[in-house]
Amino acid sequence: MAPASREEELNKLAPELVLELKEKKEPEKGLPPLELNEPLVMRFAPNPNGPPTIGSSRGIVVNSEYTKKYHGKLIIRFDDTDPATKRPMLEAYDWYLDDCEWLGAKPDEVVKASDRIPLYYEVAEELIRKGGAYVCFCEQDVFKTLKDAKSPCSHREQGIEKNLVFWEKMIAGDYKEQEAVLRIKTDIAHKDPAIRDWVAFRIIKTPHPRPQVGDKYCAWPLLDFEGAVEDHLLGTTLIIRGKDLADSEKRQRYVYKYMGWTYPKTMHWGRVQIHEFGKLSTSGLKKAIADGVYTGWDDPRVPTIRALRRRGIKPEALRKFMIDLGLGETDISLSLDTLYAENRKIIDPVANRYFFVWEPVELEIEGAEPKIAKAPLHPSRGGLREIPAGTKVLVCKNDVDILSAGEKLRLKDLYNIQITNISPLTAKFIGTDMELVKKEKARIIHWAPLDGLKIRVLSPEGEYIGVGEKGIEKELNKVVQFERFGFVRVDSVKDNWVVAYFTHR
RNA sequence: GCUCCGAUAGUGUAGCACGGCCAAUCAUGUCAGACUCUCACUCUGACGACUGGGGUUCAAAUCCCCAUCGGAGCACCA
């Protein structure tokens with residue numbers, strides 16, 4: 001039976017079933033719905049060792065989307081507990097807050113772990129008293145060998161009193177780096193080696209970059225401990241984290257069990273790799289910027305939110321892009337095309353159009369009088385721009401390269417010409433009507449006046465230098481479309497030069 | 001070596017907890033056409049996927065097992 005007639009038949013027999021059929025087909029768009037039996041509290045927890053990247057934006061957007069949707073609370077927590085190897089950048093704290101706000105994800109609460117070290121010390125001490133943690137003096141490789149053999153080290157059962165003494169000495173700074181750590185007692189024979197007696201605190205004598213903290217502490221918690229305590233203290237009810245941190249939950253649950261706390265719900269997502277940027281770590285970027293490979297954290301070739309902003313990507317586009325990715329545990333490798341398509345839908349209706357000629361070539365037109373072209377600022381909204389054309393104009397080298405003598409062309413919004421010579425490039429005026437384009441299918445190219453504005457466009461693929469029509473300088477900080485080139489954001493105007501950042505085609 | 005995940009079109013995603021509504025959704029992409037004084041936008045159409053093999057079942061993308069492939073953890077990084 002054909003589906004149509006089947007439905008008809010069913011309609012006769014049981015109309016209510018047809019309705020049900022239609023209803024169930026409607027899919028839930030975007031993020032999966034949450035089943036909540038308590039108020040939602042979520043946190044986004046970056047290490048501010050660089051500015052937020054496109055990857056960070058996924059965390060920011062998804063957390064904020066859920067807390068908005070379910071009237072929850074959004075916390076940003078800076079996990080800045082490593083003053084040495086992943087040293088925080090002082091400026092990055094504000095960059096995060098700024099980019100969050102730009103993304104429409106202003107947090108309800110901001111917490112810096114480096115302000116809260118004493119709280120972690122309290123929990124550590126309690127854990128020691130409960131017999132859930134011990135100070136270990138084993139060298140790293142010695143402990144690893146024991147751990148791999150599922151054997152406890154001699155410090156594991158040294159007793160609570162001793163541990164308390166050692167711990168006091170640890171936080172007092174009596175030990176050197178590498179000399180002692182505080183371990184959480186889990187199950188030394190756990191089948192998963194990643195879980196066995198993990199380190200909660202180590203000694204770092206490098207001062208913290210924040211002047212408020214400086215050299216106040218030399219026993220610093222590791223992520224698993226700091227995160228475990230904070231998630232409880234902050235009342236987090238749902239954690240979304242990367243799959244790479246999935247084992248954290250198994251480790252942290254030991255702390256929660258000792259302390260009698262309830263572990264939050266968790267969700268995970270896979271790694272994201274972006275075709276256009278490849279594998280770039282924050283530390284790798286930092287080095288490349290220091291080496292002068294990139295001009296800074298907002299260089300258009302760099303995968304930071306700041307760079308995207310500078311290029312004219314709108315926050316709504318980035319949000320939608322990230323939400324549509326959903327919450328898969330699969331590692332994904334994606335292209336920014338979808339983001340660009342999303343952004344284009346937003347900017348196309350509002351971006352004014354201008355001519356920009358890159359790699360300009362002079363074209364002399366015989367028989368034409370100087371004229372002022374009147375071109376629409378936008379194809380469907382009102383407004384005209386005026387572009388003066390002399391007996392010479394500039395055209396793109398790309399267009400010239402495929403030209404042959406005798407060819408007829410339309411200079412957009414100006415008039416028709418016929419090429420008389422390629423080098424030097426000359427043409428003659430052959431009229432103004434559109435018949436040429438309509439009937440003879442002549443190509444239409446854009447152009448720029450000889451005395452136009454000098455323009456530099458910075459794009460991920462490199463730099464374009466050329467000339468654009470006057471008026472572009474009035475679009476500072478706006479996104480416009482350079483016709484037949486693409487969208488750009490006008491970044492600066494000075495000394496007769498306009499610098500624009502390429503958005504996308 | 002040990003331990004965890006995951007696998008739907010080029011890309012991303014829906015469907016998978018409760019097997020039949022799936023001849024598999026949506027977006028993006030590509031191609032073709034329409035519109036247009038832009039190679040933009042918009043519109044129309046086409047293309048394109050359940051990793052493989054077994055099993056359970058009347059029925060499997062969905063449940064089970066194995067294989068393959070991919071990712072991650074086993075740090076005094078986050």
Side-chain angles (χ1 to χ4, degrees), chain A residues 3 6-7 10 17 20-22 24-30 32 45-47 49 79-82 84-88 136 138-140 143-144 147-148 150 177-183 190-196 198-204 219-220 222-224 226-227 242-248 250-251 268 270-272 275 282-283 320-321 324-342 344-345 347-349 351 353 355 375-376 378-380 398 410-414 416 434 436-438 442-446 481-487 505:
Chain A
R6 193 195 294 156
E7 185 179 322
L10 186 61
L17 284 181
E20 196 183 308
L21 258 163
K22 303 231 156 120
K24 208 178 165 188
K25 204 68 201 237
E26 194 52 45
E28 183 77 23
K29 268 282 157 207
N47 175 10
N49 61 340
D79 284 345
D80 55 350
T81 57
D82 180 2
T85 47
K86 286 204 174 163
R87 192 174 172 78
C136 174
C138 292
E139 282 184 29
Q140 267 182 78
F143 187 86
K144 181 173 165 45
K147 183 194 72 177
D148 287 347
K150 303 184 178 177
E177 288 189 14
Q178 312 285 317
E179 198 178 340
V181 293
L182 185 76
R183 287 187 188 280
H190 197 286
K191 63 172 185 168
D192 182 350
I195 310 306
R196 301 173 196 160
W198 48 276
V199 176
F201 284 85
R202 83 299 212 186
I203 293 162
I204 296 175
W220 284 91
L222 280 103
L223 178 72
D224 279 328
E226 178 265 329
K243 225 174 45 168
D244 50 325
L245 259 29
D247 284 344
S248 283
K250 290 192 245 162
R251 284 190 283 259
H268 301 102
R271 290 297 231 191
V272 179
H275 296 320
T282 302
S283 46
K320 182 158 194 313
F321 179 66
D324 285 352
L325 284 187
L327 238 50
E329 290 200 31
T330 323
D331 295 327
I332 53 179
S333 171
L334 46 88
S335 139
L336 256 20
D337 282 347
T338 316
L339 171 65
Y340 296 156
E342 220 57 75
R344 197 177 290 119
K345 281 178 200 157
I347 62 178
D348 184 81
R353 314 291 148 125
F355 288 157
H378 188 277
S380 51
N398 297 18
R410 168 82 178 177
L411 293 177
K412 190 168 184 283
D413 302 309
L414 188 62
N416 308 326
M434 284 301 292
L436 181 75
V437 173
K438 300 223 160 93
R443 290 197 303 130
I444 299 169
I445 64 169
H446 67 111
Q481 189 196 50
F482 286 165
E483 293 193 44
R484 306 208 309 140
F485 178 77
F487 293 92
R505 282 200 62 86

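Please read all numbers here as calculations on a predicted model, not as lab measurements. So that the names make sense, note that chain A is the first sequence line, chain B the second, and so on, each numbered from 1.
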(request) Report yes if a side-chain nitrogen or oxygen of A:Ser335 is closer than 4.0 Å to either non-bridging phosphate oxygen (OP1 or OP2) of B:rG10; otherwise report no. (result) no
(message) Using a 6.0 Å cut-off, check whether atom CD of A:Glu139 has over 12 heavy atoms from anything other than its own residue.
(response) no
(message) Over all strands shown, is A:Ser380 touching base, sugar-phosphate only, or nothing at heavy-atom distances under 4.0 angstrom?
(response) nothing
(request) Between A:Asp244 and A:Leu334, name the one whose nearest nucleotide on RNA chain B is closer to the 5' end. (result) A:Leu334
(request) Give one of base, sugar-phosphate or nothing for A:Asn47, where a contact means two heavy atoms less than 4.0 Å apart. (result) sugar-phosphate
(message) Would you measure the distance from the C1' atom in B:rU36 across to the matching atom in B:rG12 and give it in whole Å?
(response) 31 Å
(request) Pick base, sugar-phosphate or nothing for A:Leu325, based on heavy-atom distances below 4.0 Å to the nucleic acid. (result) sugar-phosphate
(request) Could you check whether A:Val437 gets within reach of a base, just the sugar-phosphate, or nothing at all, counting any heavy atom under 4.0 Å? (result) nothing
(message) If we ignore hydrogens and angles and just use 3.5 Å, is the side chain of A:Arg271 paired with the main-chain N or O of A:Asp331 as donor and acceptor?
(response) no
(request) Could you state the atom-to-atom distance from CG of A:Asp148 to C1' of B:rG73 in whole Å? (result) 13 Å
(message) Under 4.0 Å from OP1 or OP2 of B:rA40: is there any side-chain N or O of A:Lys345 that close?
(response) no
(request) For atom CZ of A:Arg87, decide whether the heavy atoms of other residues, nucleotides or ligands shown that lie under 6.0 angstrom number more than 12. (result) yes
(request) Using only heavy-atom distances, decide whether a donor-acceptor pair under 3.5 angstrom links the side-chain of A:Lys86 to the base of B:rC77. (result) yes
(request) Please determine, for B:rG1, whether a Watson-Crick or G-U wobble partner exists with both distances under 3.5 Å, and give it or none. (result) B:rC74
(message) Over all strands shown, is A:Ser333 touching base, sugar-phosphate only, or nothing at heavy-atom distances under 4.0 angstrom?
(response) sugar-phosphate
(message) Checking one value: the base orientation of B:rA32, syn if chi is within 90 degrees of 0, otherwise anti.
(response) anti
(request) Identify the nucleotide, in any strand shown, that forms a Watson-Crick or G-U wobble pair with B:rU13, with both distances under 3.5 Å; if there is none, say none. (result) none
(request) Report the distance from atom CZ of A:Phe321 to atom P of B:rU11, rounded to the nearest whole Å. (result) 15 Å
(request) Report yes if a side-chain nitrogen or oxygen of A:Arg484 is closer than 4.0 Å to either non-bridging phosphate oxygen (OP1 or OP2) of B:rA40; otherwise report no. (result) no
(message) Categorize A:Gln140 for me: base, sugar-phosphate, or nothing, with a 4.0 angstrom heavy-atom threshold over every strand shown.
(response) base
(message) Could you tell me how far B:rC26 sits from B:rA49 if I compare only their C1' atoms? Round to whole Å.
(response) 14 Å
(message) For B:rA49, give the paired nucleotide (Watson-Crick: N1-N3 plus N6-O4 or O6-N4; G-U: N1-O2 and O6-N3; both under 3.5 Å), or none.
(response) none
(request) Would you kindly compare A:Ala194 and A:Asp224 by the position of their nearest RNA chain B nucleotide and give the one closer to the 5′ end? (result) A:Ala194
(message) By the 4.0 Å heavy-atom rule, please label A:Leu222 as base, sugar-phosphate, or nothing.
(response) sugar-phosphate
(request) Could you tell me whether the side chain of A:Arg344 and the main chain of A:Arg505 form a donor-acceptor pair under 3.5 Å? (result) yes
(message) Using a 3.5 Å distance criterion without hydrogens, assess whether the side chain of A:Asn416 forms a donor-acceptor pair with backbone atoms of A:Leu436.
(response) no
(message) Using Watson-Crick or G-U wobble geometry with both distances under 3.5 Å, which nucleotide pairs with B:rC58?
(response) B:rG20
(message) Has A:His268 got a side-chain atom pairing as donor or acceptor with A:Asp244's backbone, closer than 3.5 angstrom?
(response) no
(request) Give a yes or no on whether a donor-acceptor pair under 3.5 Å exists between the nucleobase atoms of B:rU38, that is its base, and the side chain of A:Gln481. (result) yes
(request) Looking at every strand, decide which applies to A:Asp413 at a 4.0 Å heavy-atom threshold: base, sugar-phosphate, or nothing. (result) base
(message) On the nucleotide B:rC77, are OP1 or OP2 found under 4.0 Å from the side-chain N or O atoms that A:Arg202 carries?
(response) yes
(message) Test your reading of the model: is there a side-chain donor-acceptor pair from A:Arg196 to the backbone of A:Ala194, 3.5 Å cut-off?
(response) no
(request) Assign A:Cys138 to base, sugar-phosphate, or nothing according to its heavy-atom contacts below 4.0 angstrom with the strands shown. (result) base
(request) Starting from C1' on B:rC41, measure out to CZ on A:Arg344 and report it in whole angstrom. (result) 9 Å
(message) Mind checking if A:Arg443 touches a base, just sugar-phosphate, or nothing, with heavy atoms under 4.0 Å?
(response) nothing
(request) Quick one: label A:Phe485 by what it contacts on the DNA or RNA (base, sugar-phosphate, nothing), any heavy atom closer than 4.0 Å. (result) nothing
(message) Regarding A:Asp348, tell me which of base, sugar-phosphate or nothing describes its non-hydrogen contacts under 4.0 Å with the strands shown.
(response) base
(message) Could you tell me how far apart A:Ile195 (CD1) and B:rA75 (P) are, to the nearest whole angstrom?
(response) 11 Å
(message) Roughly how many Å apart are B:rC22 and B:rC50, using the C1' atom of each and rounding to a whole number?
(response) 10 Å
(message) Rounded to whole Å, how long is the line connecting atom CH2 of A:Trp198 with atom C1' of B:rA75?
(response) 13 Å
(message) For B:rC76 and A:Lys144 - does any side-chain N or O of the residue sit under 4.0 Å from the phosphate oxygens OP1/OP2?
(response) no
(message) Just to be sure I understand the rule, does A:Ala246 reach a base, reach only the sugar-phosphate, or reach nothing, if contact means heavy atoms closer than 4.0 Å?
(response) nothing
